[in-house]
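We count ligands from 1, going down the list as the structure has it; atoms in each ligand are counted the same way. Any value given below was found using the heavy atoms of this structure, including those in side chains, with hydrogens, waters and symmetry copies removed. When a residue number appears, it is its place in the shown sequence, counting from 1.
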Amino acid sequence: MNAAILAVCKVAASRGIEVIGIERGYEGLLDAEFIQLTRTRSSGDLAPIKDVEDEAHTGGTILGSSRCMRFFDEANRAVGCKNMVEAGIEGLIAIGGNGTMAGAHTLAAECPQVTVVGIPASIDNDIGATANAIGVDTALNTIIAACDRISDTARSHRRAFIVEVMGRHSGYLAVASAVATAADAVLLPEEGRSEDEIMDSVEKVIRDSFSTDRHKSRVLIIKAEGVTVSAAKIAEVVDQRLTGAADVDIRATILGHVVRGGGPSFHDRMMAGRLALGAVNALADGADDCMVTWNTTTPGGAPTEDPRVQRFLLAHVLEEGVALADGSSDVTKRRMDRMRTVQGVLAL
Ligand code: F6P
């Protein structure tokens, strides 16, 4: 997100547009916690403040973030709108996931004085009408590095590891990293498997992989956190089932919030910059209640001067986000097809 904040500030400053940061997301909007993110130089030109420049290569967001329950109350949102109008804010760029976009859509309807544009940012990659969101590539690189390290020690000890990755209800991080790490299996919430089916499939993969004619020395199984049975329980149950089989050792590792930190990758910085340019252009065009999206195959977007960036109405983004989650989206159907293909190949 810091990369996007810097890019917004640079593009806006280059056009003489002042940028004010809203701290802690919608919490800070309700409490008018605003900070100047651009400053006026002696030449009269605008430039990003030092903090924005100094932190652009770090993870997270210098503005802070929140999950703001107060924002569900219309009276509170009216205060937020009033705070922006009184601060002279004419346009809002909301950077975040589905919750951020739902709030932005409501605000756009209730605060006509302010043009509202979203930039997708969530490691879960579960936002509608965009093939990618800020943070996904960095999270995947973190998972890959962690799994490579785990594989090093697994091979040395001839062990099976079940590694749990973030993603909330989405299996995207799990399946993308499973392919990239040549994992032996991946466990996804979208598959809707029962606990017994999960135990059976994990037992089978480990038994096959460590069979005498397979010559594998490590088994890596990546589990999405949305699969409710815990990695520890899977390790324990399958370990018991394999008691007596070839000396197999099973461990569980939960990567948790490690997946969400770290300096942004090249791809995330590049994408953040191009989405930020698209967002400032959308504000300048008065394109209210929309989100700029990346490289999407979802129909219904408006093109921009960047062939990878489109504008979608937030209502469409949110609708597609629901379809992504319930499996009716073409994107999810294609992802599930790829997941099924991957499942058949991973263990070979
Ligand atoms: O939505 C991003 C995410 O990291 C999910 O992958 C994860 O399930 C959730 O946030 C964790 O939320 P919190 O940091 O509030 O525990």
Participant: Taking only residues two or more places apart in sequence or in another chain, which ones pass salt bridge (charged side-chain N to carboxylate O under 4.0 Å, His left out) with Asp239?
Facilitator: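 For Asp239 there are no salt bridge (charged side-chain N to carboxylate O under 4.0 Å, His left out) partners, ignoring immediate neighbours.
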Participant: For ligand 1, find each of its N or O atoms that sits under 3.5 Å from a protein N or O atom, and tabulate the pairs with distances to one decimal place.
Facilitator:
unit_1, atom_1, unit_2, atom_2, d
ligand 1, 1 (O), Asp124, OD2, 2.8
ligand 1, 1 (O), Arg168, NH2, 3.1
ligand 1, 4 (O), Arg260, NH1, 2.8
ligand 1, 6 (O), Asp124, OD1, 2.7
ligand 1, 6 (O), Gly167, N, 3.1
ligand 1, 6 (O), Arg168, N, 3.4
ligand 1, 6 (O), Glu225, OE2, 3.4
ligand 1, 8 (O), Glu225, OE2, 2.4
ligand 1, 10 (O), Arg67, NH2, 3.4
ligand 1, 10 (O), Arg168, NH2, 3.4
ligand 1, 10 (O), Arg260, NH1, 2.9
ligand 1, 12 (O), Arg67, NH2, 3.1
ligand 1, 14 (O), His257, NE2, 2.8
ligand 1, 14 (O), Arg260, NH1, 2.9
ligand 1, 14 (O), Arg260, NH2, 2.9
ligand 1, 15 (O), Arg67, NE, 3.2
ligand 1, 15 (O), Arg67, NH2, 3.3

Participant: Checking Arg77 now: which residues fulfil side chain to side chain donor-acceptor pair (under 3.5 Å) with it, not counting sequence neighbours?
Facilitator: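 Expected list: Glu110.
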Participant: State, without any angle test, whether Thr304 and Gln310 hold a side-chain donor-acceptor pair at a distance under 3.5 Å.
Facilitator: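 No - no donor-acceptor pair under 3.5 Å links their side chains.
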Participant: Using 4.0 Å as the upper bound for N to carboxylate O, is an ion pair formed by Lys10 and Glu53?
Facilitator: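 The answer is yes: the pair qualifies as a salt bridge.
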Participant: Under a 4.0 Å threshold between the charged nitrogen and the carboxylate oxygen, would Asp285 count as salt-bridged to Arg311?
Facilitator: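 Judged by the 4.0 Å cut-off on N to carboxylate O distance, Arg311 and Asp285 do form a salt bridge.
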Participant: Under the salt bridge (charged side-chain N to carboxylate O under 4.0 Å, His left out) rule, collect the residues that match up with Arg251, sequence neighbours excluded.
Facilitator: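 With sequence neighbours excluded, Arg251 shows a salt bridge (charged side-chain N to carboxylate O under 4.0 Å, His left out) to Asp249, given in chain and number order.
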